[in-house]
There are 2 protein chains.
Amino acid sequence: MTELAAIPDTCSDCPIRHRAVCAKCESDELEHLETIKYYKSFEAGQTVVWSGDEMAFVASVVTGIATLSQTMEDGRTQMVGLLLPSDFLGRPGRPLASYDVTATTDLVMCCFRRKPFEEMMVATPHIGQRLLEMTLDELDAAREWMLLLGRKTAREKIASLLSIIMRRDASLMLSDGQGPLTFDLPLTREAMADYLGLTLETVSRQISALRRDGVIVLEGKRRIIVPDFDRLLEETGDDADGGVPV
Amino acid sequence: MTELAAIPDTCSDCPIRHRAVCAKCESDELEHLETIKYYKSFEAGQTVVWSGDEMAFVASVVTGIATLSQTMEDGRTQMVGLLLPSDFLGRPGRPLASYDVTATTDLVMCCFRRKPFEEMMVATPHIGQRLLEMTLDELDAAREWMLLLGRKTAREKIASLLSIIMRRDASLMLSDGQGPLTFDLPLTREAMADYLGLTLETVSRQISALRRDGVIVLEGKRRIIVPDFDRLLEETGDDADGGVPV
DNA sequence: CCGGGCGATTGATCTCGATCAATGACCCGG
DNA sequence: CCGGGTCATTGATCGAGATCAATCGCCCGG
């Protein structure tokens with residue numbers, strides 16, 4: 001299920017160090033990091049961990065996309081987290097996973113054994129501070145998501161998801177500057193439905209409706225072209241200045 | 001709108017110190033805390049801050065209940081946070097409020113001016129660590145809430161809300177030990193609807209249905225008696241061992 | 001004692017999204 | 001080139017919850 005890559009001799013491709021946790025850390029920490037970290041790869045569709053499983057590591061997404069989801073006994077499932085490159089997975093001090101984590105694309109994670117990571121957090125306040133910031137950002141995202149789930153119409157949900165994906169992962173974008181924006185959806189219709197609290201049929205119908213109305217253009221099933229981003233934003237139901245203030 | 005209470009000469013009633021942020025801090029920090037903190041009271045129904053307002057403080061709930069909510073331009077609103085005693089409000093490093101904060105009961109908050117609080121966080125790692133733990137707990141709660149909003153039926157939502165309130169604030173309970181549990185709902189039907197992503201009519205109907213089915217007994221509009229807690233839990237749709245592992 | 005206001009309940013009807021079902025598009029291996 | 005699998009689209013129907021509206025109970029002030 002997983003392959004362990006060799007520990008690289010520099011940290012340059014590791015978001016934990018460079019983008020996620022310890023952006024301000026000093027060089028003497030670098031060596032410490034290297035002794036406890038490793039890489040894991042997953043293929044699209046693979047499960048990273050099941051809810052309730054022992055999780056010996058915390059990790060950060062290097063490339064690819066993973067989802068967190070919760071499932072009720074009767075099979076209803078709701079996605080509760082979307083991990084893009086540089087996002088963090090796991091909780092210091094908690095040995096068991098709380099959610100099902102699934103790779104929705106091919107995925108590379110940079111993992112840290114949990115115990116040493118916890119010790120490192122105590123020794124290196126910057127890491128904890130960065131983790132706090134990231135967690136607060138995730139909480140804000142979760143609350144925006146709650147508004148979407150509780151109060152938005154199906155059409156608004158779809159438009160919101162498209163704009164969230166476009167905003168969160170510029171690396172998906174296939175076009176630069178202004179003019180029509182193009183990107184590939186990293187989620188199946190079913191995954192989108194689990195994200196939005198809808199059925200996959202409703203997702204499909206609403207995407208078709210947005211296409212009919214000229215808000216988006218489809219190229220195949222997954223490639224989305226947005227001729228007018230402001231037009232898409234109007235469909236989300238959010239206020240114009242959208243999002244959380246800094 | 002607010003009254004400033006005198007700074008007390010001990011911190012004994014202040015959850016920031018004793019339950020929320022700095023459970024492990026030493027006595028020399030106590031004096032520092034006292035120089036920058038103060039109390040504010042709000043009446044039921046009052047707004048604590050509006051989304052987008054300047055927020056010069058972070059705070060912790062001493063007594064009473066407050067809600068965080070988001071509103072769309074057309075008036076649809078979704079509650080995104082419920083603050084019970086010892087819960088924390090505000091975000092270090094962010095001067096503007098991201099949500100509307102409202103007192104739903106009479107409320108006393110223990111406030112810390114933001115700047116000194118941020119300095120204190122840098123000087124006192126325990127505070128940041130505690131805040132991280134609390135934020136992670138809030139994130140877990142938000143994710144459970146997302147499952148509720150996205151996938152549960154109206155009846156399951158009501159049963160879940162009742163069990164969440166019962167679990168989170170033992171201070172509301174009017175009966176001890178086992179046997180029928182009794183407590184007062186701290187929310188109006190409308191606030192419950194905003195919590196659950198429903199209309200107030202649906203909330204009312206489902207509460208009536210649970211009463212008809214003997215899951216709960218009503219005494220007046222607000223007092224709830226739960227003859228059999230396990231029966232209530234069955235109605236929530238959650239698995240038996242419910243909740244997030246430690 | 002009465003009248004007004006607020007929160008809650010209940011009824012009648014409508015609608016959006018779920019459900020059930022069939023078909024289509026594409027990919028890959030034989 | 002065909003057959004099977006996966007993912008997506010589209011249609012027909014149903015139903016949970018929204019919406020619109022009337023009534024109730026209670027508190028409070030005159």
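All values below were derived from every heavy atom in this structure, side-chain atoms included, with hydrogens, water molecules and symmetry-related copies excluded. Chain A is the first sequence line, chain B the second, and so forth, proteins listed ahead of strands; every chain is numbered from 1. Here the structure is a predicted model, which means the values were calculated and not measured.
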Just jot down the side chain to side chain donor-acceptor pair (under 3.5 Å) partners of B:Thr202, sequence neighbours excluded, or say none. B:Thr199
Each nucleotide of nucleotides 6-22 of chain C classed B (base within 4.0 Å of a protein heavy atom), S (only sugar-phosphate) or -, in 5' to 3' order, makes --SBBBB----SSBB--
Please state how far atom CG in A:Leu210 lies from atom P in D:dA8, giving the value in whole angstrom units. 16 Å
With A:Lys152, which residues qualify under salt bridge (Lys or Arg N to Asp or Glu O under 4.0 Å), at least two apart? A:Asp238
With sequence neighbours excluded, tell me which residues meet salt bridge (Lys or Arg N to Asp or Glu O under 4.0 Å) with B:Arg231. B:Glu235
Considering residues at least two apart in sequence or located in another chain, which fulfil the salt bridge (Lys or Arg N to Asp or Glu O under 4.0 Å) criterion with B:Arg76? A:Glu156, B:Asp74
With B:Asp137, which residues qualify under salt bridge (Lys or Arg N to Asp or Glu O under 4.0 Å), at least two apart? A:Arg91
